[in-house]
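The next block holds one structure in the form of structure tokens; read it before the comments.
Just so it is clear, the model here is predicted, and its values are computed rather than measured.
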Amino acid sequence: MKSVPGKIGGTLEGYIHVGSGIEPMRRVTLKLVCINHTNSGNSGSNRPLWSDESEVTAGGDGSIPVVFLIPPECRPTDDSDLRDRIYWRLKAQSAGGIVNYKSSFAVPIFQIGETSAQAAEVLDLRARREQRVSEFRPQGSAIRFGLTADGQSEIYFRPFRNPSVTFALLGFFAIWSGTTYEIFREHAPLIFRIMWPAFEAIIGLWLILIMFGSTTVQIGDGLLKVTWRVCGIPVRTRRVPSSEARDVRSIAGMTAGTTVYRRIQVRYGQRGELNFGDGIVDPIEADWLATKIGEALGLTHASAEKTVA
């Protein structure tokens with residue numbers, strides 16, 4: 001690590017030294033995950049709170065450069081309570097070449113002060129990320145951004161945007177349904193015959209929303225309008241005057257495995273929040289969408305940051 005520990009609101013930087021395991025200039029996928037481990041009795045669970053990915057190129061000596069920006073809202077490493085721990089893991093993976101490479105490391109991330117040199121590095125990394133966002137061009141995306149016939153900005157989040165998540169949930173739903181059938185067939189206690197189908201209905205509804213739910217965002221004529229549809233039928237609409245919007249950002253959304261997907265959040269008025277578009281895979285695309293929506297609302301990056309602060 002370039003500096004120990006990594007910093008909340010700062011960076012995690014360093015190198016993975018592999019030796020002869022990685023050829024020079026080989027592409028490596030890095031993933032940094034913040035995980036909340038909870039332990040109750042004999043069972044424990046790991047829930048990802050935040051994640052980010054990047055693709056880097058190994059150096060001439062086979063070392064793998066690591067650079068991540070860590071948002072200020074993330075939680076630091078904390079193992080003071082073994083029943084409710086926060087820890088961070090860095091994962092590296094590269095297929096092909098002489099051998100497939102895969103490794104995982106525990107990394108310390110804390111809320112600490114920073115030197116002037118570290119602050120300058122953070123500003124430089126943020127500028128580079130903003131450059132990537134400004135240069136982003138959606139290709140083959142499940143999200144469409146454009147203009148309507150009357151000149152309004154429109155973002156369309158189509159149904160079935162995350163096939164891997166959908167099929168995983170479909171498999172889980174099938175197992176749950178099979179268990180529900182066995183509960184009734186074996187005449188299990190009443191509490192199980194009530195609670196199990198109730199949870200099955202919730203999972204089924206979630207599955208329907210992921211498979212057939214879409215979201216349309218329109219910005220124009222001084223209004224932000226968000227419409228949620230299921231099978232093309234509008235089920236909910238929210239409207240916010242553009243003049244009340246004070247910030248647009250991408251935030252952590254739903255999780256699947258160790259991946260935390262992004263969604264868009266519009267903050268308006270004093271404490272109002274409007275969330276939509278959950279399930280965005282690419283963090284850069286999520287930031288790009290937030291930027292485009294902010295521009296359509298008449299917000300600049302600087303004014304939005306000032307309002308939030």
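- Judged purely by atom type and a 3.5 angstrom limit, N162 has no side-chain atom pairing as donor or acceptor with the backbone of S164.
- Taking the ring centroids of F276 and W228, they lie at or beyond the 6.0 Å cut-off.
- Summarising the local packing, CZ of R158 is surrounded by more than 12 heavy atoms from other residues, nucleotides or ligands at distances under 6.0 Å.
- For T180, the side chain to side chain donor-acceptor pair (under 3.5 Å) partners are E200, not counting sequence neighbours.
- Formation of a donor-acceptor pair under 3.5 Å by the D278 side chain with backbone atoms of M254 is found in this model.
- Looking at R229 and T216, their side chains do bring a donor and an acceptor atom within 3.5 Å of each other.
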Validation: residues 7-15 side-chain donor-acceptor distances under 3.5 Å, sequence neighbours left out:
unit_1 : atom_1 : unit_2 : atom_2 : d
K7     : NZ     : I112   : O      : 3.4
T11    : OG1    : E13    : OE2    : 3.1

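- The two residues T255 and P48 come nearest to each other via the heavy atoms CG2-O, 3.4 Å.
- The 12-atom threshold is exceeded at CZ of R238, counting heavy atoms of other residues, nucleotides or ligands nearer than 6.0 Å.
- Of the possible polar contacts, one joining the R193 side chain to the A188 backbone as a donor-acceptor pair under 3.5 Å is found.
- Proximity of a side-chain donor or acceptor of S250 to a complementary backbone N or O of R262 within less than 3.5 Å is not detected.
- Judged purely by atom type and a 3.5 angstrom limit, R246 uses its side chain to pair as donor or acceptor with the backbone of G269.
- Between the side chain of N36 and the backbone N or O of R85, at least one donor-acceptor pair lies under 3.5 Å.
- The neighbour count for F192 CZ, taken as heavy atoms of other residues, nucleotides or ligands under 6.0 Å away, does not exceed 12.
- Within a 6.0 Å sphere centred on CD of Q270, other residues, nucleotides and ligands contribute 12 heavy atoms or fewer.
- Salt bridge D287/R129: present, at least one basic N to carboxylate O contact under 4.0 Å.
- Residues P65 and S63 come closest through the heavy atom pair CD-O, 3.7 Å.
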So Q218 and E154, side-chain hydrogen bond (donor to acceptor under 3.5 Å, both in side chains) or not? Walk me through it. CA-CA 5 Å; Q218 291 183 326; E154 183 179 79; 2.9 Å; yes
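- With sequence neighbours excluded, the residues forming a side chain to side chain donor-acceptor pair (under 3.5 Å) with Q131 are E135, listed by chain and number.
- Note: W176 and W196 have parallel aromatic rings, judged against thresholds of 30 and 60 degrees for the angle between ring planes.
- Sorted by first and then second residue, the salt bridge (charged side-chain N to carboxylate O under 4.0 Å, His left out) pairs with a member in residues 173-187 read E182-R185; sequence neighbours excluded.
- Scored by the side chain to side chain donor-acceptor pair (under 3.5 Å) test, R89 finds S104 as partners (sequence neighbours excluded).
- Side-chain N/O atoms of R26 and S94 include a donor and acceptor closer than 3.5 Å.
- V107 is listed as a side-chain neighbour of L32, based on a closest heavy-atom distance under 4.5 Å.
- Among residues two or more places apart in sequence or in another chain, the side chain to side chain donor-acceptor pair (under 3.5 Å) test is passed with K31 by T258, T259.
- When only modelled atom types and interatomic distance are considered, Y181 and T179 share no side-chain donor-acceptor pair under 3.5 Å.
- Under 4.0 Å is where a charged nitrogen must lie from a carboxylate oxygen, and between R249 and D247 at least one such pair does.
- Judged by distance alone, with hydrogens and angles left aside, the side-chain atoms of T77 form a donor-acceptor pair with the main-chain N or O of I109 at under 3.5 Å.
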As a quick check of understanding, evaluate side-chain hydrogen bond (donor to acceptor under 3.5 Å, both in side chains) for Q265 and R267, giving each step before the final call. CA-CA 6 Å; Q265 181 180 84; R267 298 184 179 186; 2.9 Å; yes
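- No more than 12 heavy-atom neighbours from other residues, nucleotides or ligands sit within 6.0 angstrom of CZ on F199.
- Side chain of S242 to backbone of L223: a donor-acceptor contact under 3.5 angstrom is found.
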